[in-house]
Amino acid sequence: MAVLPWLLPLALLPWPKTGQAFGFGRALDSLDEANTYIHTHEGDNVPTSSIIDVLSANESYSHLLLTLQKSDLVDYVNELANVTFLAPVNAAFERHEIPIGSTMSKDELNRFIIDDVIFREEIVGIKIVSTLNHHGSPYVELFQVPLLLDHRFDEDGENEEVYLVENANVLFDDQYLPTIDTVVLTIDDLLTDPKETVCRYFLNSLNRNTGDERFKVFSSLLLSESTCKSLRMSNMTFLTPSDLSLHLNHIERKYLSHIRGMDDKNLFISNFLVDGIIGGNLENDTITTSNWNNEKLTFSSSYLGDEIIINDEVRATASNFLLSDGIIHYFENEIFDYNDTKSFPVFTARKYLIGLEYEDFVDEIDFRKLSELIDDNTLNQTVLVSRDYGMMGSLKNGMLYHFLEGNNEINLDTDENVLLTSKYCVDTDTNSKFCQRIKLETSPEGKKVLNSNSKIVNIVPYRVGNSSIYIIDNDISLPTKLQTAIASELTGYGKSTQFLKKFNYSKKLSKDNTFYTVFLPATELWNALDLTLDYLIENPLLLEKILDNLIFKGVLYHDFQGEQEFETYGNSKVEVSKDNLLDDKIVINNSTNLTISFESQILYSNGVVHPIADEIPLPQDMRISNQELLSAQDSYEFEKILDFLNLTFVLDSAKGYSVMLPSSKSLLQENITYLLGDIQFLEKFAKLHILPPGSLDMILDCYSASSETSPLLHTDYRNSTSLTDIPTLMNGTHLTCRELASGGMMLSITEGSGNEVRILRHGITIDNSTITSGLLLLDRPLNPTWMNHNDGKLYLHLPLFAILVGILIGVVCVLLTCGCCLMLTFGNSRKGIDGSDGEGFRDDEGRIEHVISVTETMPLLNDEEGSSMDKTKSAGGSKDGVNGGTDDNISGYVINKDTTQEQIGSSRALGRSLGRDGFSKENKGSKVGRRYSTFDARYSMNASASPIDVNNNAS
Ligand SMILES: *[C@@H]1O[C@H](CO)[C@@H](O)[C@H](O)[C@H]1NC(C)=O
Ligand SMILES: *[C@@H]1O[C@H](CO)[C@@H](O)[C@H](O)[C@H]1NC(C)=O
Ligand SMILES: *[C@@H]1O[C@H](CO)[C@@H](O)[C@H](O)[C@H]1NC(C)=O
Ligand SMILES: *[C@@H]1O[C@H](CO)[C@@H](O)[C@H](O)[C@H]1NC(C)=O
């Protein structure tokens, strides 16, 4: 708009059309049209020998002229020859508000001087010429800043002529000065846009956000690592590709800009660089040259130079953009085949890792001589790279652990937890291959987590070649050796780890080339073994055998399926089966059910550890009997008593008896010892402490639901917290169990007083029978004296035969005694009485009365009642028995020691004979002695009766 107002006055100027006035001396006669413009000066008589003359001749140049004068450049202009001088009119200065009389430098003036004589007739379309400004390039000396001319006839309109010098219109015709062979062109604008140098221009382009012409990638590649400067980019043609056409992702861009990607970068950009300034109308002279990669390129053009065409194929979107030392053609199409591996870099995992700024990781891989893993694009793999990857402490194996076989291993579509297989593989002893695994799980937030502590950062992997690259936020390291692996992961498994340590399994199971599955029982499972564990600890070989049985050769992960035979560390065979993938239960030898899971399994250097809480799988051939359990306890006294009573068979596991053991100390405190000699009492005592098969189950079931975790409990009984009918070996006598709020277990005799004993601990025998038998440790003995005496039941259990025999013997004795007494009494009363006899009579009479009272309530019972009537009395009595009746008792004991049926019989006979001997002996002695001897006889008779009962019960 601003142009038009002053175009009009200029056109009305009186002086002749310059184009017609000058230029004939150039002898362009060959061009017919040219002649129409060329006029001789002779008719005008105007001396036009210099540029200054021309400028002076017209007011329109006054501003320029004044500026030349002020700038002291008149002489310089006068000396010019063989050039084309661009003369801006006053309006051009005014448009840029340049005050009249301001100065300009010679360089600035040179922008207006083309180093060649240019007639418009010679120009068809766009022509690139050079000016006298020789300071175009910082690197190439005397590089002339180029200038763009465009001369054409509008074809659509009235064939109107258009002549442009960059942004300025050429006014009037060419004014030719033949004497100096120079053309003066009048232009209507100043060539104010100073052209930037190549490097500056691309630098500035990074900050320019105008227009659609985006080529920041290319710019940044040129500028990175000062490539532009170091390669002294000047006097060049740039085939500038748009960002989009390059198809470089940010990692590739980063890599190319990285110093380690310098070679690739140079290879890359060299495709786009051509020496020299090539542009303008190339219609009649296609230029064939080569780029910096020495690849042949042809330049042609269309639309009179408006559009530059590369290789007759790729058309520039914008062409001929001039810089002070270069020219840019901008392309939005792909100029080259970027898949051409000769001209363009091939991206590899290495380059991507560099682009992702994991040079340390790359260095480490190189250092570990694993370079081919990241250089070979044919490898089908997944690479896991940690953000906090540390240089130090990563061995080759650890490096390999960051690579997975296959590039599609991490499936983001499912939440399924899987074990990934790393490239860290070892040949095992058995000629197979063990590849260390990596746990991949999906967190509740949907994040993918490796080995429970490394989150995957990029949901979509970076793919290069056949590799997928994932970035993880924490480094993953190879599973550690057993000791560390289980130590860091588990609380509640202290016993197992302690045992493993004790037997040095940590070392044994972390050796090269051998791989194991370790079942790690929870501490509470060990504790549940209680007394059994005591025994195991005292017998380390057995414990080790159990541990051996917990370790399988070969690796069994949670995703095991089907049936397979494994060999344990103890070299025994086990059959393992698991129904399906998702089921957590594996069955060992069709008997032991164990729960394993993805979450709980712990990877360690040589396999996997499965913490288990169900039960401890014991070796099938392991046997631990009650006898053995007892031996680990303070059981001396109790065992002596069993021995004494010939009851040791209950310790045989096969019989299924269980034993409640009061410690020797507690027995002695209550004065219960085999030395007591009171066989009846001891027998009751012992039978109270022996549980027939099944009773132990009831006691264990007594633990209430609060102790649900106890694996000893059967679910069927959970709710019954007290059972009143737990049988003992003593017929008709049962135990009642009661669980305390504190979890302790109390036992009392059901058919007795409320006295309770506490079960301190328990242990179960190990055998292959289905009957639970074992050992209970009591805080104090169940005392037979607690039994309820009023209860007739106590005697009903005696075999009928025994009762009959007892009654018979009793009756016979009573009758005999009565008879004797009567005879004596009558004899004495008839034959007269002396003092001593009278005494004797009273004694005898007293005894008779006693015997009679016994007969009334059954004779055998009376003795028992008498001894257990009062606890202290009975205790005292038995003590007396021990101390007083030494002879008899000791002999009785000695005889009873070897308890076979025959010996029992003979001991009975002996006891009787001893009794008779004593009786007869004392019959010979004093009457007091006689009285004692009758007691002893009665006592020994009872004592001999006891073993019969026992044998009857046992058989
Ligand atoms: C101009 O060009 C002619 C012929 O090409 C040459 O003889 C003459 O010296 C040149 N003049 C200047 C000032 O360069
Ligand atoms: C610019 O480059 C072209 C082509 O390589 C060359 O012919 C010319 O001499 C160069 N110009 C300068 C000033 O070096
Ligand atoms: C190219 O050649 C044609 C005819 O041969 C001519 O008319 C045209 O002007 C030439 N163009 C250039 C830029 O020299
Ligand atoms: C280059 O390779 C990519 C992927 O292989 C393909 O999609 C693209 O079409 C190829 N480009 C050319 C020009 O061949």
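Here, residue 1 is the first one in the sequence, and each next residue gets the next number. Here the structure is a predicted model, which is why all the values come from computation and not from measurement. Numbering of ligands and ligand atoms starts at 1, following listing order.
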- Ignoring hydrogens and angles, state whether a donor on the side chain of His247 or Glu334 is under 3.5 Å from an acceptor on the partner side chain. yes

- Any sub-3.5 Å donor-acceptor pair from Glu79's side-chain atoms to Tyr76's backbone N or O? no

- Item | N-O pairing of Lys265 and Glu225 below 4.0 Å | no

- Query: Just by distance, do the side chain of Asn271 and the backbone of Asn291 share a donor-acceptor pair under 3.5 Å?
  - Reply: no

- Task: Could you check atom 9 (O) of ligand 2 against the protein and tell me its nearest heavy-atom contact, residue, atom and distance included?
- Result: Asn235 ND2, 4.7 Å

- Task: Identify, for atom 4 (C) of ligand 2, the protein heavy atom at the shortest distance, and state residue, atom and that distance.
- Result: Gly276 CA, 3.8 Å

- Query: Can you check whether Phe112 and Phe85 have ring centres sitting under 6.0 Å from each other?
  - Reply: no

- Non-hydrogen protein atom less than 4.0 angstrom from atom 11 (N) of ligand 2: yes

- Task: Identify, for atom 14 (O) of ligand 2, the protein heavy atom at the shortest distance, and state residue, atom and that distance.
- Result: Val140 CG1, 3.4 Å

- Message: Starting from atom 5 (O) of ligand 2, what is the nearest protein heavy atom, named by residue and atom, and what distance separates them?
- Response: Asp275 CB, 3.8 Å

- Looking only at atom types and distance, does a side-chain atom of Arg260 sit under 3.5 Å from a main-chain N or O of Ile354, one as donor and one as acceptor? no

- Task: Check each atom of ligand 2 against the heavy atoms of Phe143 and keep those under 4.0 Å away; list them by number with element.
- Result: 13 (C)

- Message: Protein non-hydrogen atoms only, distance under 4.0 Å: does atom 2 (O) of ligand 2 have such a neighbour?
- Response: yes

